[in-house]
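Below is one structure, written out as structure tokens, with a few remarks after it.
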Amino acid sequence: MIQDIRREYFGVVDNLYTAFKNSGFDNPIQKAIDAAEGQIIKIYGKMDKSELESLALETYLKYDNINVRKAYTMRSNENEPWFENTHPSYSYFWPRYEKYLKEFKYWSKPTIDSIDLTTNEILKSIGDPKSNKNFDKRGLVLGYVQSGKTANFTGLINKAFDIGYKLVIVLAGMHNDLRAQTQLRLEREVVGNVDIITGEKKGVALVKTGGTQIETWTTVQDDISTNNAIGIKNLDKPILLVVKKQKDVLPKLIELLSKSINLSQMSPPVLIIDDEADQASVDSSGKHTDDPSKINQLIRELLSLFNQKSYVGYTATPFANLLIKADANHIDVGKDLYPKDFVSALPKPEGYCGPDEYFNTTGYKEDNKPMFIRHLSSEDIAILDSMRTKDDAGLFMEVPKSMQEAILAFLLSNAIRNIRGQTSDHKSMLIHTSRLTDVQNSMCSVINQFYKKLSNDLIYNSKSEYISKLQKLYEDDFLEVQNNFNSSQQFSSIAWEEIYKQIKVVAGKVEVMEINGESEDALEYDKYKENGLYVIAIGGNKLSRGLTLEGLTISYYYRSSSMYDTLMQMGRWFGFRTGYMDLCRIYTSEEIAENFEYLAVVMSELREEFEKMVEYDVTPEGYAIKMLSHKTMTVTSPAKMGTAESPITYTGTMQQTRSFEKNKEFYKKNMEATVKLINNVEQDFKTINKMTKYHIAKDVPSEVVIDFLKKYITISSARIVNSKKIADYISKMNKENLLEKFNIAVVDITQDTLNKQKAIDNGITPWKVSLGKLSIESAVVRSIDQDKSKGIGIVDLGAIVAANQEFIDFENRTKDKRENIKLRMNENPLLLIYPLHPQVKPFKKLNIDFNENLVPIGLAFSFPDIIKVPGEDLDPIERIKKEGVYIYNNTVGKDGSVD
């Protein structure tokens, strides 16, 4: 009786909760509970109140999504959400997709709920398609590499069709493989495939058919063309297109849509999903005032066709997208793709294994994260380094030591996964060492020969040397990692004999494939869905972004990159590894592993920074997201970094002004600031006179220098030697109890320079300067007859610091600059002040009435190298976090920022 009541109660709740929720009802859980209680009382009569309360409590625990991870979303002030908690009704497409994920893909409720909540968050940030007003919404969704972004935008597309979007265009990467993979996924999970001959249903069609039909102008085989766009006039029907971001494809799409709009005289509301939005979409022309790069231009042209348009970029590496010039607006193609309206960061999915799981992001050795990393042998590296051009492909004549071990590790992982019950799952290994197809082809041939010999030896030769190697690898490596793995996911140990039996089974199933544009091989996992595909995939660019390697366990990777986004996207080993994370390995060089570990820290910090911005209600255009830079890698392609700027660190450097404005006010303000500085220095200026005369004051409080720099003007275009940035740097160092005192040296006459024939020929004579309480015998002579300005709008004097002047405040200075640099580390920073001679050619042509009380003032700084904050014992990762240099978009963040 009790079981019958429970079954009836939760059956009603399950059906009605989903229906109420997708219809946009407020508090759908309580409505479902009320309906279930009514049904139970109707069938079984009056019920005990405590029993009903117990069932209601159980319902809340089961269906309340208060603990589901939500997206962090930042919106512009103008982009008010067009719905709040009560969302619009999702009548067909989303409920069908939701049920498909639950009942046919067996996804967990928290995962489905997370997609539901995050897509609502995105949907409220784009335009309302039923509004009578035009809109132009542009946003960015930040996910994780290989984390299920496709499932998220699939959910968004389903909801978009439900609420009235007529046209959805998915820009699916650069290659046919990724476009076809995305097309197939959307046909199944949005359109719903029904075979016209057999009537066989696939995807969401298994849940429900008969609702609104979606037209597709693209197929798995074909990108956009006039041939497969027969119904182009029917813009009143829901239409889905999946196209590549290529310069020969997008013009066809623009042409077809232009004709359709003109013929039908209607501009339907359009949603454009840009998958891998950091690839190709970002303007890489490097010239924001000229024509943008081709793909960027075509996407902007595509958007300009519509009156109601929403552009949503999806990426796991948003570096380039967040460096777009925020206010770029081309006369022909309109606004750039900066996410002016919203940026949404998806939560880390349950069960996802990303940079934090593979690499040590905390800096603490005891975290032992690099248990999955195996460094390549010097033999492997020497061979791989020798293959730099396609003509070197023949140098790969045999499978090197570490690669052999990686292949053996792949066989072990396959055997163990099968013993754990994952017999029908796909199992993949990645070998990615070169972008050159000739090298890949040569490697594939050699590896294939090696693997055939290996598999035959394992199957038929019970005395094979590889058996003992496999056993040693299992016992010394796999068992050790398994024992150190997360205790909540411990797997029981398996006897070697059982593993050996399974290795003989799986050894003959593995295929070696070459995955590139020149090869006929293809990762058609769908054909092997019954028994799983066992594959060693050897490739380059095709395997570096977007394309998913199902069931990837072993990665042999030796393809570095100088750019964050490119390198991170090559990490195909990120993803969901439920039930076999302990079996995953990355074989790579120590340097590449360190670079990935650094990037893991970068991404972790970026997300923390983003979440902080959201909490402070900062807008996309209100704050420049900081990105930790690297000493050798760049954040993205230099062509995409036109807006990038670093808060400069001056530690261990010598900086000097060499450029000056052409107007009198510039020189007047700097003279006034300098006089005030000299008069504010309470310490005595001691005069030393060697080859050059100097006036030196020591231990001057940094506040005096900061105040001076706030008044002193450097040229407006100065990026590094910028007085305000130097002042900010000193202030920040002061917070760490550093750079609290300065030495100040005012440079005076150099008699030898005045006596030179060149000075005499150019009429250079001693020029007295009055600097408040200091009297200067003669201004400093630089660039007597040379004008480096070359017609530009500034005066370029060249270098003003003479040899060893940087260390003039040291009584024990040496001729060895390196020794002096070491001395500076234990000394005050030095500010050098140069009253500059106004009769030299660059200044003389300005026709400014320079005199004893008005001369050009140049500056130089010698900063000590700060290795670490005194009293703190920081490990390398923590030091990176504390002392790292950041870059940010200099076209945003002008209305305030958050420290």
Side-chain angles (χ1 to χ4, degrees), residues 624 626-632 634-635 644-660 670 673-674 677 698-745 747 797-802 804-810 813 817-818 820-834 857-870 872 874 879-888 890 897 899:
K626 296 187 300 182
M627 297 174 233
L628 191 63
S629 65
H630 187 268
K631 61 183 179 181
T632 58
T634 60
V635 168
E645 187 168 331
S646 298
I648 306 297
T649 178
Y650 299 95
T651 179
T653 67
M654 194 274 287
Q655 305 293 344
Q656 59 184 312
T657 54
R658 57 175 288 164
S659 300
F660 303 83
N670 285 348
T674 306
L677 167 69
K698 292 192 173 183
D699 298 325
V700 179
S702 60
E703 292 84 358
V704 176
V705 176
I706 292 169
D707 185 62
F708 163 65
L709 289 171
K710 287 180 178 179
K711 295 178 175 63
Y712 182 93
I713 304 170
T714 43
I715 63 170
S716 58
S717 60
R719 192 179 75 83
I720 296 175
V721 189
N722 180 298
S723 56
K724 305 305 179 287
K725 291 181 181 178
I726 296 174
D728 288 343
Y729 168 72
I730 298 169
S731 295
K732 288 177 182 176
M733 291 296 100
N734 286 173
K735 292 178 181 177
E736 302 288 349
N737 300 319
L738 297 166
L739 308 187
E740 294 180 306
K741 294 184 182 299
F742 273 72
N743 296 342
I744 297 177
V747 185
L797 206 65
I800 62 173
V801 181
N804 231 23
Q805 283 186 336
E806 180 184 354
F807 309 107
I808 195 63
D809 55 325
F810 295 166
R813 64 185 179 277
K817 183 176 180 180
R818 290 173 297 181
N820 290 334
I821 289 172
K822 290 179 182 178
L823 289 174
R824 177 66 69 198
M825 290 169 61
N826 297 311
E827 256 284 3
N828 295 329
L830 171 67
L831 165 60
L832 282 155
I833 296 176
Y834 291 83
I857 300 292
L859 305 180
F861 283 90
S862 177
F863 286 108
D865 185 9
I866 301 167
I867 295 179
K868 68 176 183 177
V869 178
E872 291 189 8
L874 301 178
R879 184 184 164 192
I880 284 169
K881 288 182 177 181
K882 193 164 188 73
E883 300 182 18
V885 178
Y886 294 83
I887 70 165
Y888 59 91
N890 62 20
S897 64
D899 290 330

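Between the OH atom of Tyr729 and the OG1 atom of Thr653 there is a distance of 7.0 Å, given to the nearest 0.5 Å. The distance from the CD1 atom of Ile730 to the NZ atom of Lys725 is 14.5 Å, given to the nearest 0.5 Å. Separating the CD atom in Glu703 from the OG atom in Ser731 is a distance of 8.5 Å, to the nearest 0.5 Å. For the atom pair CE of Met825 and OG1 of Thr651, the computed distance is 8.5 Å after rounding to the nearest 0.5 Å. Annotation: the span from Leu830 atom CG to Gln805 atom CD amounts to 10.0 Å, rounded to 0.5 Å. Within the model, atoms CG of Asn828 and OG of Ser862 stand 11.0 Å from one another, a figure rounded to the nearest 0.5 Å.
Looking at Ile744 and Leu677, their side chains come closer than 4.5 Å, going by heavy atoms from C-beta outward. Under the 4.5 Å side-chain criterion, counting only non-hydrogen atoms from C-beta, Ile800 is not in contact with Leu832. For the pair Thr657/Leu797, no side-chain contact is recorded, criterion being any heavy-atom separation below 4.5 Å from C-beta on. Put simply, the side chain of Val704 does not reach to within 4.5 Å of the side chain of Asp707, judged on heavy atoms. The side-chain heavy atoms of Asp699 and Phe742, taken from C-beta on, include no pair separated by under 4.5 Å.
Counting all heavy atoms, side chain and backbone alike, Thr714 lies closest to Asn722 at OG1-CA, 3.5 Å. Closest approach of Leu738 and Asn734 over heavy atoms only: O-ND2, 2.8 Å. The two atoms that bring Val801 and Met654 nearest to each other are CG2-SD, 4.0 Å, heavy atoms only. Contact detail for Leu739 and Pro864: the closest heavy-atom pair is CD2-CG, 3.7 Å. A pairwise comparison of heavy atoms in Ile713 and Asn670 identifies N-OD1, 2.6 Å as the closest pair. The two atoms that bring Phe863 and Tyr650 nearest to each other are CB-O, 3.3 Å, heavy atoms only.
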Could you go through Asn743 and Leu831, starting from their C-alpha distance and side-chain angles, then the distance that decides it, and tell me whether this counts as side chain to side chain contact (heavy atoms under 4.5 Å, CB included)? CA-CA 6 Å; Asn743 296 342; Leu831 165 60; over 6 Å; no

Dump the intermediate steps for side chain to side chain contact (heavy atoms under 4.5 Å, CB included) on Ile706 and Leu709, then the final yes or no. CA-CA 5 Å; Ile706 292 169; Leu709 289 171; 5.7 Å; no

Ser702 vs Glu740, test: side chain to side chain donor-acceptor pair (under 3.5 Å). Steps then yes/no. CA-CA 5 Å; Ser702 60; Glu740 294 180 306; over 6 Å; no

Please lay out, stage by stage, how Lys822 and Asp865 fare under the test side chain to side chain contact (heavy atoms under 4.5 Å, CB included). CA-CA 8 Å; Lys822 290 179 182 178; Asp865 185 9; over 6 Å; no

Would you please test Phe660 and Ile857 for side chain to side chain contact (heavy atoms under 4.5 Å, CB included) and show each step? CA-CA 9 Å; Phe660 303 83; Ile857 300 292; over 6 Å; no

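Using a 4.0 Å cut-off between charged side-chain N and carboxylate O, Arg824 and Asp809 make a salt bridge. A salt bridge is absent between Asp728 and Lys724; no separation between the charged side-chain nitrogens and carboxylate oxygens falls under 4.0 Å.
Note on ring orientation: taking the six-membered ring where Trp is involved, the planes of Phe708 and Tyr712 are tilted (angle from 30° to 60°).
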